[in-house]
Enquirer: 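Got a structure for you, questions after.
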Amino acid sequence: QVQLLESGGGSVQAGGSLRLACAASGYTVRRNHIGWFRQAPGKEREGVAAIYTGGINTHYTDSVKGRFTITHDNAKNTVYLQMNSLKPEDTAMYYCAAQFRGGDPLARSRWDYWGQGTQVTVSS
């Protein structure tokens, strides 16, 4: 029943920006949790950012602090990830996640639902 659809990925040069969107259905973004994760080829999926929209609590992995911002729009039931000053090491498939079970919000095992992902490629 829960469907998460990511969009906004693409190819960009280092230093550029992209804004990813996660449109949710069967899951209410309002007063709830959404996370962003990424997975590069040959590497494990890692947490990038997460938000609790009820109190606007946000978390970011150290490597993206100051560059990425997670926001939401309750009317559109959508969560966004604004990515600025992109680096080649940001290249990955980006996924949004829903149904946080508590604990570390940047830990993959703490989320129950996942989208199909959107590809982000950053060239040097």
Enquirer: What verdict does the side chain to side chain contact (heavy atoms under 4.5 Å, CB included) test give for V120 and T91, after you've listed the backbone C-alpha separation in whole Å, the side-chain angles of each residue and the deciding distance to 0.1 Å?
Expert: CA-CA 5 Å; V120 171; T91 295; 5.8 Å; no
Enquirer: Rounded to the nearest 0.5 Å, what separates atom CD1 in I70 from atom CE in M83?
Expert: 12.0 Å
Enquirer: Kindly write out the residues that satisfy side-chain hydrogen bond (donor to acceptor under 3.5 Å, both in side chains) with N32, not counting sequence neighbours, or none if the list is empty.
Expert: Y27
Enquirer: The criterion is side-chain hydrogen bond (donor to acceptor under 3.5 Å, both in side chains); which residues satisfy it with K65, sequence neighbours excluded?
Expert: D62
Enquirer: List the residues meeting side-chain hydrogen bond (donor to acceptor under 3.5 Å, both in side chains) with R19, not counting sequence neighbours, and say none if there are none.
Expert: none
Enquirer: Going by ring pair (Phe, Tyr, Trp, His ring centres under 6.0 Å), name the pairs with one or both residues in residues 55-103, residues two or more places apart or in two chains.
Expert: H33-F100, F100-W111
Enquirer: Using side-chain heavy atoms (C-beta onward) and a distance below 4.5 Å, is L18 in contact with L86?
Expert: yes
Enquirer: For A21 versus T78, what's the shortest heavy-atom pair and its separation?
Expert: CB-CG2, 4.1 Å
Enquirer: What closest approach, in Å, do R110 and D104 show between heavy atoms, and which atom pair accounts for it?
Expert: CG-O, 3.5 Å
Enquirer: List the atom of T58, the atom of I51, and the distance in Å for their closest heavy-atom pair.
Expert: CG2-CG1, 3.9 Å
Enquirer: Can you name the nearest heavy-atom pair linking A92 to A40, along with the distance?
Expert: CB-N, 3.8 Å
Enquirer: Can you run down the salt bridge (charged side-chain N to carboxylate O under 4.0 Å, His left out) pairs that involve residues 42-60, sequence neighbours left out, and say none if there aren't any?
Expert: R38-E46
Enquirer: List in chain and number order the residues that pass salt bridge (Lys or Arg N to Asp or Glu O under 4.0 Å) with R67, two or more places apart in sequence or in another chain; answer none if no residue qualifies.
Expert: D90
Enquirer: Can you get from F37 to L81 by hopping between Ile, Leu, Val, Met, Phe, Trp and Tyr side chains that sit under 4.5 Å apart?
Expert: no
Enquirer: Tell me whether N77 contacts the main-chain N or O of T28 through its side chain, where contact means a donor paired with an acceptor under 3.5 Å.
Expert: no
Enquirer: Does S109 use its side chain to pair, donor to acceptor, with the backbone of A107 at less than 3.5 Å?
Expert: no
Enquirer: Got a sec, which pairs hit disulfide bond (SG atoms under 2.5 Å apart) with one end in residues 30-82, sequence neighbours left out?
Expert: none
Enquirer: Please enumerate all residues that pass side-chain hydrogen bond (donor to acceptor under 3.5 Å, both in side chains) together with S17, with sequence neighbours excluded.
Expert: N84
Enquirer: In the hydrophobic clustering that connects Ile, Leu, Val, Met, Phe, Trp and Tyr at side-chain heavy-atom distances below 4.5 Å, which members other than Y52 occupy its cluster, ordered by chain and number?
Expert: none
Enquirer: Please table the atom pairs, donor to acceptor, closer than 3.5 Å between any side-chain atom in residues 2-14 and protein atoms at least two apart or in another chain.
Expert:
unit_1: E6; atom_1: OE1; unit_2: Q116; atom_2: N; d: 3.1
unit_1: E6; atom_1: OE1; unit_2: G117; atom_2: N; d: 2.9
unit_1: E6; atom_1: OE2; unit_2: C96; atom_2: N; d: 2.8
unit_1: E6; atom_1: OE2; unit_2: G117; atom_2: N; d: 3.3

Enquirer: Heavy-atom distance under 4.5 Å between the side chains of V79 and W36, does that happen here?
Expert: yes
Enquirer: With D112, which residues qualify under salt bridge (Lys or Arg N to Asp or Glu O under 4.0 Å), at least two apart?
Expert: R101
